[in-house]
Amino acid sequence: MNAHQPPAPDFDTTFHFTGEPLDDAEALERRLRAIGAARYHDRHPFHHLLHDGKLTLGQVQAWALNRWYYQSSIPIKDALVISRFRDRALRREWRHRIEDHDGRDNDAGGIDRWLLLTTGLGLDPDYVTSARGVLPATRFAVDAYVSFVATRSPLEAIASSLTELFAPNIHERRISGMLENYDFITPEIMTYFKTRLGQAPRDAGFALDYVRTHARTPEARALVCEALVFKTEVLWVQLDALYHAYVTGHPPPGAFVPEDAP
């Protein structure tokens, strides 16, 4: 086993973990972290290619273009989370997430920083924001995430954000790997990831404390775990689609086609 590879978690092939019962908050957190170790999308082959400098400019463009659809949907998702709660304090706590992505007066947000990345990669901003070239699987996955937050319980809506527990490691790897391996990547266009190194731990800490406190039964804790599994699948399937379209070489009709495609 690779020294940096996490130990295999105790779970069956359908995703249901078969080990320790979810009898308390500590067991819940251990289960959540095991899910992240097994299922977070840092393990996907497309990310290994991306971070190791194995992709062409066009393939990186395709990744950034498709990921924009996800990034631009995050504040919509967070507005739906807020709408689920009558607790004003919780709404105020969650509200900064929308501002982090949409921006504030005279202060760019995450969407602006992502457009800085796509523009720096040579993509036209109007084309990016139109989402015309986004893969169908990306659109379906992201829209399913927004629908999940709108229709499942408020506890599950918050739990689905817990992939942020694992985000800083992938951001660090992305910053160092892409700057080192691509001559078309500059520090200026990587500001989204640098900013998230501070924002993601703060947001994940609040969400983790919330589910630890409010998931009071084994059944509720199981729902929290299933929400996190769902979110990891939302992220994973987007990379599956990118790999099939731009590594294997089968972009569907209407999707973005890089200029350097074979």
**Q** Measure from NZ or CZ of Arg97 to the centre of the six-membered ring of Trp94 and say whether it is under 6.0 Å with the direction within 45° of the ring axis.
**A**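 Yes, Arg97 sits over the ring of Trp94.
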
**Q** Testing the 3.5 Å rule here: is there a donor-acceptor pair between the side chains of Gln199 and Arg202?
**A**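 Side-chain D/A pair, Gln199 to Arg202: absent.
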
**Q** Taking everything shown except Lys54 itself, do over 12 heavy atoms lie less than 6.0 Å from its NZ?
**A**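 12 or below, so no.
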
**Q** Evaluate the ring planes of Tyr40 and Phe166, with Trp represented by its six-membered ring, and classify them as parallel (under 30°), tilted (30 to 60°) or perpendicular (over 60°).
**A**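 The arrangement is tilted - the two ring planes meet at 30° to 60°.
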
**Q** Mind running side chain to side chain contact (heavy atoms under 4.5 Å, CB included) on Ile74 and Asp100 for me, showing each step along the way?
**A** CA-CA 10 Å; Ile74 293 299; Asp100 285 347; over 6 Å; no

**Q** Can you tell me how the ring of Phe46 sits relative to the ring of Tyr243, calling it parallel under 30°, perpendicular over 60° and tilted otherwise?
**A**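 Taking Tyr243 first and then Phe46, their aromatic rings stand perpendicular (interplane angle over 60°).
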
**Q** Calculate, to the nearest 0.5 Å, the distance between atoms CG and CD belonging to Leu55 and Gln61 respectively.
**A**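 Between atom CG of Leu55 and atom CD of Gln61 there are 11.5 Å.
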
**Q** Find the distance between OG (Ser73) and NE2 (His101) and round it off to the nearest 0.5 Å.
**A**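 Between atom OG of Ser73 and atom NE2 of His101 there are 10.5 Å.
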
**Q** Closest heavy-atom contact between Leu28 and Val211?
**A**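 So the minimum-distance heavy-atom pair works out to CD2-O, 3.8 Å.
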
**Q** Could you check whether any side-chain heavy atom of Lys194 comes within less than 4.5 Å of a side-chain heavy atom of Pro187, counting everything from C-beta outward?
**A**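 When only atoms from C-beta onward are counted, Pro187 and Lys194 do touch, with a gap below 4.5 Å.
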
**Q** Counting only N and O atoms by type, is there a donor-acceptor contact under 3.5 Å from the side chain of Asn66 to the main-chain atoms of Thr138?
**A**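 No; zero donor-acceptor contacts below 3.5 Å.
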
**Q** Report the distance from atom CG of Leu22 to atom CD of Glu219, rounding to the nearest 0.5 Å.
**A**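 CD of Glu219 is found 9.5 Å from CG of Leu22.
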
**Q** Testing the basics here: between Phe230 and Ala144, what is the closest heavy-atom pair and its distance to 0.1 Å?
**A**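 Between these two residues, the closest heavy atoms are CZ-O, 3.8 Å.
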
**Q** Answer with yes or no whether the side chains of His51 and Arg174 bring together a donor and an acceptor at under 3.5 Å.
**A**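 There is such a pair between these side chains.
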
**Q** If we ignore hydrogens and angles and just use 3.5 Å, is the side chain of Ser130 paired with the main-chain N or O of Arg132 as donor and acceptor?
**A**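 At least one qualifying donor-acceptor pair exists.
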
**Q** Working to the nearest 0.5 angstrom, can you tell me the gap between Gln238 CD and Glu233 CD?
**A**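 Separation between the atoms: 12.5 Å.
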
**Q** Between Glu20 and Arg30, does any NZ, NE, NH1 or NH2 come within less than 4.0 Å of an OD or OE carboxylate oxygen?
**A**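 Yes, charged N to carboxylate O under 4.0 Å.
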
**Q** Hey, what do you get for CG (Leu117) to CZ (Arg67), rounding to the nearest 0.5 Å?
**A**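 Atom-to-atom, Leu117:CG and Arg67:CZ are 11.0 Å apart.
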
**Q** Taking atom types as modelled, find out whether His48 and Asp52 have a side-chain donor-acceptor pair closer than 3.5 angstrom.
**A**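 No - no donor-acceptor pair under 3.5 Å links their side chains.
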
**Q** Do the side chains of Pro75 and Ile111 get nearer than 4.5 Å, heavy atoms only?
**A**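 Ile111 reaches Pro75 side chain to side chain.
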
**Q** Okay, side chain of Glu172, backbone of Asn169: is any donor-acceptor separation there less than 3.5 Å?
**A**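 Flag not set: sc Glu172 to bb Asn169 has no pair under 3.5 Å.
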
**Q** Taking all atoms of both residues into account, what is the closest heavy-atom pair of Arg221 and Ala215, and its distance?
**A**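 Scanning both residues, the minimum pair turns out to be NE-O, 3.1 Å.
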
**Q** Determine whether Pro258 and Thr56 make a side-chain contact, defined as any pair of heavy atoms from C-beta on separated by less than 4.5 Å.
**A**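 No, too far: nothing below the 4.5 Å cut-off.
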
**Q** Are there over 12 heavy-atom neighbours, none belonging to Tyr127, within less than 6.0 Å of that residue's OH?
**A**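 For Tyr127, atom OH is crowded (more than 12 foreign heavy atoms under 6.0 Å).
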
**Q** Could you tell me if the side chain of Val234 sits less than 4.5 Å from the side chain of Phe148, heavy atoms only?
**A**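 No, too far: nothing below the 4.5 Å cut-off.
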
**Q** So, are Asp87 and Arg92 salt-bridged, with charged N and O less than 4.0 Å apart?
**A**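 Arg92 and Asp87: not salt-bridged.
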
**Q** Using 0.5 Å steps for rounding, measure from the CG atom of Leu228 to the CG atom of Leu162.
**A**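 Here the interatomic distance stands at 6.0 Å.
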
**Q** Please verify the inter-ring angle class for His41 with His47; under 30° counts as parallel, over 60° as perpendicular, anything in between as tilted.
**A**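 The arrangement is perpendicular - the two ring planes meet at more than 60°.
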
**Q** Would the distance check show the side chain of Arg152 and the main-chain N or O of Ala227 forming a donor-acceptor pair, the cut-off being under 3.5 Å?
**A**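 A pair under 3.5 Å: no.
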
**Q** Given side chains that start at C-beta, do those of Pro252 and Pro136 come closer than 4.5 Å, heavy atoms only?
**A**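 Yes, at least one pair of side-chain atoms sits under 4.5 Å.
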
**Q** Parallel, tilted or perpendicular: which one describes the rings of Tyr192 and Trp114, with boundaries at 30° and 60°?
**A**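 Ring orientation of Tyr192 relative to Trp114: perpendicular.
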
**Q** Using only atom types and a distance under 3.5 Å, with no angle test, would you say the side chain of Ser176 pairs donor to acceptor with the backbone of Arg173?
**A**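 Present.
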
**Q** Checking Ser147 side chain against Asp143 main chain: does a donor-acceptor pair fall under 3.5 Å?
**A**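 Looks like no, no N/O pair under 3.5 Å.
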
**Q** With a 4.5 Å cut-off on side-chain heavy atoms, are Leu135 and Leu65 touching?
**A**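 Of all side-chain heavy-atom pairs linking Leu135 with Leu65, none is under 4.5 Å.
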
**Q** Identify the two heavy atoms, one from Asp102 and one from Asp112, that lie closest to each other, and give their separation to 0.1 Å.
**A**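 Reported closest heavy-atom pair: O-OD2, 4.3 Å.
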
**Q** Quick one: does any side-chain atom of Asp209 pair with a main-chain N or O of Gly205 as donor and acceptor, under 3.5 Å?
**A**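 Side chain of Asp209 to backbone of Gly205: no pair is present.
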
**Q** Quick one: do Asp203 and Arg196 satisfy side chain to side chain contact (heavy atoms under 4.5 Å, CB included)? Show the steps, please.
**A** CA-CA 10 Å; Asp203 293 345; Arg196 289 303 294 168; 3.7 Å; yes

**Q** Please determine if Arg139 forms a cation-pi arrangement with Tyr69, meaning its NZ or CZ atom is less than 6.0 Å from the six-membered ring centre and no more than 45° off the ring axis.
**A**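 Checked: cation-pi criterion met.
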
**Q** Identify the residue among Val224, Asp24, Leu208, Leu165 that makes a side-chain contact (heavy atoms from CB on, under 4.5 Å) with Glu29.
**A**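 Exactly one pass, corresponding to Leu208.
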
**Q** Is the backbone N or O of Leu116 less than 3.5 Å from a side-chain atom of Thr119, with the two atoms forming a donor-acceptor pair by type?
**A**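 No, because the side chain of Thr119 does not come within donor-acceptor range (under 3.5 Å) of the backbone of Leu116.
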
**Q** One pair to check against side chain to side chain contact (heavy atoms under 4.5 Å, CB included): Tyr246 and Phe256. What are the steps and the verdict?
**A** CA-CA 10 Å; Tyr246 298 109; Phe256 169 71; 3.7 Å; yes

**Q** Test Leu57 against Tyr182 for side chain to side chain contact (heavy atoms under 4.5 Å, CB included), laying out the working first.
**A** CA-CA 9 Å; Leu57 171 60; Tyr182 298 108; over 6 Å; no

**Q** Flag the pair Tyr145 / Val142 as yes when at least one side-chain heavy-atom distance between them is below 4.5 Å, and no otherwise.
**A**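 A side-chain contact is absent here, since even the closest heavy-atom pair is not under 4.5 Å.
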
**Q** Give a yes-or-no answer on whether the side chains of His44 and Asp240 include a donor-acceptor pair shorter than 3.5 Å.
**A**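 The criterion, which ignores hydrogens and geometry beyond distance, is satisfied for Asp240 and His44.
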
**Q** Where is the tightest heavy-atom contact between Leu242 and Ala62, given as atom of each residue plus distance?
**A**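 The pair with the smallest heavy-atom distance is CD2-O, 3.6 Å.
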
**Q** Return the minimal non-hydrogen interatomic distance between Thr118 and Leu115, and the atom names on each side.
**A**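 Smallest interatomic distance, heavy atoms only, reads OG1-O, 3.1 Å.
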
